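None of these values were measured; they are calculated from a predicted model. FYI, side chains are in, hydrogens and waters are out, and symmetry mates aren't considered; it's all heavy atoms of this structure.
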Amino acid sequence: RTRMMVSKVTGGAVPSHRGTISSARAILRAEGIPGLYKGLTATVIASGVSWGLFRYLFDVWRYEIGRYRQVTMAEWRGGGGPGGAP
């Protein structure tokens, strides 16, 4: 699919592949099984970095939000809000 998306169609040129199955067959014929896995390493690395960053930020934000809520709920219950307001 990626090869189909990046292939250039200009000046009335007809794409060489009609769909995913056609592309897979052409890649298998030209490059064999390894051709289907081109770019997999880069994709796995990018996904790992992305998920690692997401998980880190999620945990940091969850901690900060939880800390904020605990403080405000404690103040609300005890009436110790700003200016001594209940």
Side-chain angles (χ1 to χ4, degrees):
R1 282 181 32 191
T2 302
R3 291 185 190 197
M4 286 174 44
M5 288 189 286
V6 297
S7 68
K8 209 172 191 182
V9 180
T10 57
V14 177
S16 59
H17 306 295
R18 290 169 294 178
T20 304
I21 302 295
S22 170
S23 296
R25 285 182 183 154
I27 292 168
L28 280 171
R29 268 189 242 115
E31 303 173 32
I33 298 282
L36 294 175
Y37 292 97
K38 268 189 179 174
L40 182 65
T41 303
T43 301
V44 168
I45 290 170
S47 292
V49 169
S50 173
W51 274 103
L53 182 62
F54 166 78
R55 187 62 203 198
Y56 171 75
L57 292 174
F58 176 79
D59 286 343
V60 167
W61 290 334
R62 185 179 59 164
Y63 171 77
E64 290 298 325
I65 289 171
R67 195 172 66 148
Y68 171 75
R69 284 188 176 170
Q70 288 173 359
V71 169
T72 57
M73 289 301 288
E75 289 175 354
W76 179 76
R77 283 189 202 123

message: Filter on salt bridge (Lys or Arg N to Asp or Glu O under 4.0 Å), then keep only pairs touching residues 50-61, sequence neighbours left out; what's left?
response: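 Found Arg55-Asp59, Asp59-Arg62.
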
- prompt: Would Leu36 end up clustered with Val44 when hydrophobic side chains under 4.5 Å apart are linked, directly or stepwise?
  reply: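 Yes: a chain of side-chain contacts under 4.5 Å links Leu36 to Val44.
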
- request: Check whether Tyr56 and Trp61 end up in the same hydrophobic cluster, where Ile, Leu, Val, Met, Phe, Trp and Tyr are linked by side-chain heavy atoms less than 4.5 Å apart.
  value: yes

query: Can you pull the side-chain hydrogen bond (donor to acceptor under 3.5 Å, both in side chains) pairs that have at least one residue in residues 42-52, sequence neighbours excluded?
result: none

- request: Identify, with sequence neighbours excluded, every residue that meets side-chain contact (heavy atoms from CB on, under 4.5 Å) alongside Ile33.
  value: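 Applying side-chain contact (heavy atoms from CB on, under 4.5 Å) to Ile33 gives Leu28, Tyr37.
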
query: For Leu40, does the CG atom have more than 12 heavy-atom neighbours from other residues, nucleotides or ligands under 6.0 Å away?
result: yes

field: Minimum heavy-atom distance Pro34-Glu31, with the two atoms named
entry: CD-O, 3.9 Å

